[in-house]
Amino acid sequence: MASSVTSLSFLTLFLVFFSISLLTEPANGATCSSQTFSNNKLFDSCNDLPHLESYLHWTYNSSKPSLSIAFVAPPAKSTGWVAWAINPTSTGMAGSQSLIAFHHSNGSLIVETFNITSYGPISPSPIAFVVSDSSAEYSDGVMRIFATLALPVGTTKVNQVWQVGSSVTDNVPDKHAFQTDNLNSKGTLDLLKGESTTTGGSSSLRKKNIHGVLNAVSWGILMPFGVIFSRYLKTFKSADPAWFYLHASCQFSAYVIGVAGWATGLQLGKKSEGVTYTGHRYIGIALFCLASLQVFALFLRPKKDNKYRIYWNYYHHSVGYAVIVLSIINVFKGFDMLDPAKKWRTAYITVLIILGAIGALLEVITWVIVLRRKSGNSTKPYDGPNGANGYRGRQQPLSI
Ligand SMILES: *[C@@H]1O[C@H](CO)[C@@H](O)[C@H](O)[C@H]1NC(C)=O
Ligand SMILES: *[C@@H]1O[C@H](CO)[C@@H](O)[C@H](O)[C@H]1NC(C)=O
Ligand SMILES: *[C@@H]1O[C@H](CO)[C@@H](O)[C@H](O)[C@H]1NC(C)=O
């Protein structure tokens, strides 16, 4: 018994560390260095920007001084726009001196300058920098903006902001989406070092990834697994009382990892200025309360022959299933917010399908066993150690 619990804990730890190491792997080798341009333009530096699959190629001529750029990004839709800006007064969108590429209603892809002062409606206007040689290209789903900006003498760093949007109305770009990626697409370009850094970007991204992994593994995978242990293993006489220990240790490790993940979530929530993800937050808090209730209720459960035990069982199962459903919903809400590479969502959906298939298979096996026992041995079928047997369709409720 002890050995299976130990190996379960090791498996869990392995899963957690394996996924964290995958997610926090440093990017080795910039993608932008392999990008070339059809007009054969060459730039001194390039940076893989950390959001919106965007890239910046640039050359700084300190004697003019000027900055020549090629900004590369996929618009949110083919009818959309891409933008790159320098913000001389602040770090966000307000105040950004922008170059925006989009399709004019006459069909040409054009670049226009916008002095963006607020989230309100925008209109083309001169910007704080003299822009020359501006042009744009669109191919393979990617837009490219080329331009040269005259910078004030002595500039060593600029705040850059970039963005993509999905539509244009009357030759004016419409509002962009407000996903995490859209809100974090800003940073500093160090013209002397050739570096692009994001304001709090990568370390906060790592925290978000750790939060995601801890919670997906605990609430999203281990807890449903623990339910499967209790629901199906107790059909087998030989699995008694192993199922109970497996269920309890699985749920307890899930709870411990889950609380750690929950705490990282609270921290992230505190730090996220301006944006609050109300739904995800409230579901997370509800989950923590319900799961804590489950853990403490375990110690308060009446003896199996107590007449109130049946109510405890009802309570335990309904709260348990509610936790599972809410957990899965919140994992998907988390995916929407964090918007990680598609493979993570796919991997999680695959795990859910596998868990579902295991559950369905075990459900069938359980029924076959129950029916056999009924016909073979007309006395009562096997009862779990707690006096309930765990088959659907019988009067006795499931119990742990
Ligand atoms: C920088 O600009 C100056 C003035 O226009 C020009 O003479 C020089 O060749 C440029 N330097 C580079 C590296 O392009
Ligand atoms: C479309 O309009 C833009 C902006 O007025 C202009 O620069 C461009 O030359 C026009 N293209 C065509 C094909 O007329
Ligand atoms: C941009 O708009 C702000 C606010 O209206 C204004 O103060 C500023 O002078 C404008 N910048 C340029 C270059 O027109």
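Both ligands and their constituent atoms are indexed starting at 1 by order of listing.
- Taking atom 2 (O) of ligand 2 as the reference point, the nearest protein heavy-atom neighbour is Asn106 ND2, 2.3 Å.
- Against a heavy-atom cut-off of under 4.0 Å, Ser63 is close to the following atoms of ligand 1: 1 (C), 2 (O), 3 (C).
- For the side chain to side chain donor-acceptor pair (under 3.5 Å) with Trp58, the lone residue among Asp44, Thr148, Asn47 that qualifies is Asn47.
- Of the candidates Asp44, Thr59, Asn61, Asn61 brings a heavy atom nearest to atom 11 (N) of ligand 1.
- Shown in contact with Thr117 at under 4.0 Å from a heavy atom are these atoms of ligand 3, numbered in order with element: 2 (O), 3 (C), 4 (C), 5 (O).
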For Phe229 and Phe244: C-alpha separation, side-chain torsions, deciding distance, then whether ring pair (Phe, Tyr, Trp, His ring centres under 6.0 Å) applies.
CA-CA 8 Å; Phe229 278 135; Phe244 175 78; over 10 Å; no
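- Near Lys64, meaning under 4.0 Å from any of its heavy atoms, are these atoms of ligand 1: 2 (O), 4 (C), 5 (O).
- A single hydrophobic cluster is seen to contain both Ile353 and Val331, as judged by linkage of ILVMFWY side chains at heavy-atom distances under 4.5 Å, directly or through other members.
- Comment: Asp336 engages Arg345 in a salt bridge, judged by a side-chain N to carboxylate O separation of less than 4.0 angstrom.
- The shortest distance between side-chain heavy atoms of Ile69 and Phe146 does not fall below 4.5 Å.
- In this structure, Tyr315 is a member of the same hydrophobic cluster as Val227, with clusters built from ILVMFWY side-chain heavy atoms closer than 4.5 Å.
- For atom 9 (O) of ligand 3, the nearest protein heavy atom is 4.0 Å or more away.
- Interface atoms of ligand 3 facing Ala128, defined by a heavy-atom separation under 4.0 Å, are 13 (C).
- Contact of the Gln163 side chain with the Val82 side chain is not registered, since no non-hydrogen atoms from C-beta on lie closer than 4.5 Å.
- Given atom 13 (C) of ligand 2, the protein heavy atom at minimum distance is Ser108 OG, 3.3 Å.
- Follow the hydrophobic side-chain contacts under 4.5 Å out from Trp162 and you reach Leu56 in the same cluster.
- Considering only non-hydrogen atoms, atom 12 (C) of ligand 3 lies nearest to Asn115 out of Thr113, Ile127, Ile116, Asn115.
- Protein heavy atom in closest approach to atom 7 (O) of ligand 2: Ile110 CG2, 4.5 Å.
- Of the protein's non-hydrogen atoms, His104 NE2, 3.8 Å is the one closest to atom 5 (O) of ligand 2.
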